Each structure stands twice: as structure tokens, then as C-alpha cells.
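Written out below as C-alpha cells is the structure these notes cover.
Residues: numbered from 1 along the sequence shown. Owing to the predicted nature of the structure, the values given are computational and were not obtained by experimental measurement.
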Amino acid sequence: MHRRHPALLAVPALALPLALAACSSGAAGDDGTVRVLASFYPLQYVAQQVGGEHVRVDNLTPPAAEPHDLELSPAQVREIGTADVVLYLSGFQSAVDEGVEARAPEHVLDAADVVTLEAHGAAEEHEEHSADDGHDHGALGELDPHFWTDPNLLAELAAPVAEQLSAADPEHAADYEAGAAALEQTLADLDAEYAEGLAACSGATLVTSHAAFGYLAERYGLEQVGISALDPEAEPSPARLRQIGAVVQESGVSTLFSETLVSPKVTETLAADLGVATAVLDPLEGLSEDAVASGEDYVSVMQSNLETLEQGLVCG
């Protein structure tokens, strides 16, 4: 027979509902912050900017890791169920999709429900590779997940993230609304920088190691050509490399762009064969270890990308 603890007997009956309410509050972090779980970096950035001091944001994808093939530990799957708010992009990371389905978090935002995804570079990829090549790029099919390379599309998440944070922590709803507005302005300013910086580059050909910059190219009038299309780890076929060579010659391309987090070997070898330069762009799927160590964030990396594009593109 279990004995009731004397301390529990001393709690007034009216205090019990208050205690239970405190335990079930959305702001359940040990320090009183809302615990947010983001599946990869751009979503983490939005949550941090909107939530400010009221949130603690963890990222399921470790720094310097390629997010496409993320695998989750049992502890991370449990986190999906215990976090106050979960942010993810369905179809991008299948392990996260499975975790969300299994754990059914109360406050969850799927970026695919907010941003309309498009197809960029998928046709080339189908020509180069069979559908079953052993590489998991999620369930997006021909849709390009990299919407965050257009700051205007990333800004579309600000208000929905504020809504989820407010649902989990109504006390600070006004702060979340203000944080969303501030983020929208920050991203509008970034968009203006890009529009001005690339104004003379309309129609320029952007050759990248994989087609991660389709939304950026579409926004600022560039023609993206991905060496390896949507799959960052797929080896381009000899036929595809010949196609890229023809594009470089016909368009007068002077620079091929490789990426952080992905080996530059194919791009560098092709550039050497074609006699053109290389430069590095960051698709911002995740921050590199150097970027984390130096305090970089989405805006500063995007500004670095802009400088790289201005120097490497052949513009009028």
C-alpha cells in the first residue's frame, strides 16, 4: 500500500489546479523560455529572430552537416514530441517527417503549408539519374526545397511562426508579433540590397554545383544552371558535363560556383578543364563551423553571397 506524502496533504485544494496549469504551460523550459525545435538552419534563424529572449531554439541538423540525409537519434525523436513548438519542411528530411508523424507535437508549423514550392533544375536531374539512385532527397520529387535563398519567401514564415509561439506562450504574443514585423523589415532590406547589387546582372548565367539557388535566380533575374541539379551529392553524367561546358562557352561564363558543406571537387575539376574561375556560395541549408564560430547568421551569409555573385557573374 502506498503512503501519501505529507507535503502533498498540506497543499490546499485550490492550489492544485494552479500547479497543474503551471506544469502544462507551453513555456516549459527550465529557464521559462519556449522550447523550439527547428529541423534545419533557416527555420532556426526565423524562430530566433521572432522569439527573441523568450525562446530557446535547438536545431535537429548539427552545424556543418548536410541536412538532406539527416538521421535522428531516438532522443531527437523524443524531442519532437516534447518541444513546445516544432518547425520543419515536409518532404525535405524524411526522418523529421516520420518523427513529426509519430510524435504529433501540439504546436507545429510545416513551411510547405506557408510557402509555395516550385520546380528548379529537376528536368536535368531526371536526365542524369534514375529515380532510385540510393540517395534520399526527401519526398519533394521535382519541387525545389531551397525557398530561403529568396529573402522574401523566408519572410513569409515570420507571421506564422509568431502565431505558433503565441499559441504556446500567449503571455508574450505582442513581443512575437513585433519580432515578426522586425524580421520582415530586415529581410525586405536584404532584398533591396540584392535588387540593387544585381540590377546590372539581369539575364546572367549562374552555374552552381547543384541547383540550390533557383528561387534567388528567379527573384533577381538570373539563369541558374545546376551541374548536379537538385541532388547535392549526385555525380553528373559525362553528357551533363558536356552540356555545362557548352553553356559556359555560349554564355561567356567566367566563374563556376561551388558550395559550402558539399565537396567542390567536381566543380573545380570542370572549371579547370574549361579554363574558368571558381567561387564559393553558401546555400544556407546549414551554417558551416567557421560561420558559427564567427557569429555569422542568415543575413550576413546572404550578404557575403551577394558580394560573391557581384564579383563572379558576367553582368552588363
Donor + acceptor pair across side chains of [X], [Y] (<3.5 Å):
{"X": "Y176", "Y": "D169", "value": "yes"}
{"X": "E259", "Y": "S209", "value": "yes"}
{"X": "D297", "Y": "S300", "value": "yes"}
{"X": "E218", "Y": "H120", "value": "yes"}
{"X": "Q93", "Y": "H68", "value": "no"}

Are any of the side-chain heavy atoms of [X] and [Y] separated by less than 4.5 Å?
{"X": "L198", "Y": "L309", "result": "yes"}
{"X": "V276", "Y": "V253", "result": "no"}
{"X": "Y298", "Y": "L190", "result": "yes"}
{"X": "M302", "Y": "P151", "result": "yes"}
{"X": "C201", "Y": "L222", "result": "yes"}
{"X": "L287", "Y": "P63", "result": "no"}
{"X": "L165", "Y": "H54", "result": "no"}
{"X": "S39", "Y": "L87", "result": "no"}

Expected output: side-chain [X] to main-chain [Y] donor-acceptor under 3.5 Å:
{"X": "S294", "Y": "A291", "answer": "yes"}
{"X": "R242", "Y": "S237", "answer": "no"}
{"X": "Q224", "Y": "G214", "answer": "yes"}
{"X": "Y41", "Y": "T61", "answer": "no"}
{"X": "Q76", "Y": "S73", "answer": "yes"}

Tell me if the centroids of the rings in F213 and F257 come within less than 6.0 Å of each other.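 No, ring centres 6.0 Å or more apart.
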Are the aromatic ring centres of Y194 and Y220 under 6.0 angstrom apart?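 Y194 vs Y220: aromatic centres under 6.0 Å.
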Hey, any chance [X] and [Y] share a hydrophobic cluster, counting ILVMFWY side chains that come within less than 4.5 Å of each other, even indirectly?
{"X": "L281", "Y": "V314", "value": "no"}
{"X": "V299", "Y": "Y215", "value": "yes"}
{"X": "V161", "Y": "W148", "value": "yes"}
{"X": "L89", "Y": "Y45", "value": "yes"}
{"X": "I244", "Y": "V280", "value": "no"}

[X] atom [atom1], neighbour heavy-atom count above 12 within 6.0 Å:
{"X": "E171", "atom1": "CD", "value": "no"}
{"X": "E106", "atom1": "CD", "value": "no"}
{"X": "E177", "atom1": "CD", "value": "no"}

If you take all heavy atoms of [X] and [Y], which pair is closest and at what distance?
{"X": "H146", "Y": "A211", "answer": "ND1-O, 4.1 Å"}
{"X": "A200", "Y": "C315", "answer": "O-CB, 3.4 Å"}
{"X": "L241", "Y": "P236", "answer": "CD2-CG, 3.7 Å"}
{"X": "V57", "Y": "A38", "answer": "CG1-CB, 4.4 Å"}
{"X": "E285", "Y": "P67", "answer": "CB-CG, 3.5 Å"}
{"X": "A158", "Y": "A180", "answer": "O-CB, 3.6 Å"}

Stepwise side-chain hydrogen bond (donor to acceptor under 3.5 Å, both in side chains) test for D282 and T260: CA-CA 5 Å; D282 192 330; T260 56; 3.1 Å; yes
Show every salt bridge (Lys or Arg N to Asp or Glu O under 4.0 Å) that has at least one partner inside residues 189-201, sequence neighbours left out.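 Matches after skipping sequence neighbours: D191-R219.
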Euclidean distance, [Y] [atom2] relative to [X] [atom1], rounded to 0.5 Å:
{"X": "R240", "Y": "I227", "atom1": "CZ", "atom2": "CD1", "value": "8.5 Å"}
{"X": "L117", "Y": "E142", "atom1": "CG", "atom2": "CD", "value": "13.0 Å"}
{"X": "S90", "Y": "D110", "atom1": "OG", "atom2": "CG", "value": "3.5 Å"}
{"X": "E156", "Y": "N152", "atom1": "CD", "atom2": "CG", "value": "8.0 Å"}
{"X": "L43", "Y": "Q48", "atom1": "CG", "atom2": "CD", "value": "11.0 Å"}
{"X": "S258", "Y": "L270", "atom1": "OG", "atom2": "CG", "value": "11.5 Å"}

Evaluate the side-chain contact (heavy atoms from CB on, under 4.5 Å) criterion for residues L154 and L187: first the C-alpha distance (whole Å), next the side-chain angles of each, then the deciding distance (0.1 Å), finally the verdict. CA-CA 8 Å; L154 188 65; L187 295 176; 4.2 Å; yes
Test L109 against V86 for side-chain contact (heavy atoms from CB on, under 4.5 Å), laying out the working first. CA-CA 6 Å; L109 178 64; V86 175; over 6 Å; no
side-chain hydrogen bond (donor to acceptor under 3.5 Å, both in side chains), that's the test. Do D84 and H107 meet it? Break it down for me. CA-CA 6 Å; D84 296 316; H107 302 294; over 6 Å; no
Let's go through V36 and V85 carefully: what are the C-alpha distance in whole Å and the side-chain angles of both, what is the deciding distance for side-chain contact (heavy atoms from CB on, under 4.5 Å) to 0.1 Å, and is it a yes or a no? CA-CA 5 Å; V36 181; V85 176; 4.3 Å; yes
Stepwise, does the side-chain contact (heavy atoms from CB on, under 4.5 Å) test hold for I80 with L60? CA-CA 9 Å; I80 291 175; L60 285 171; 4.3 Å; yes
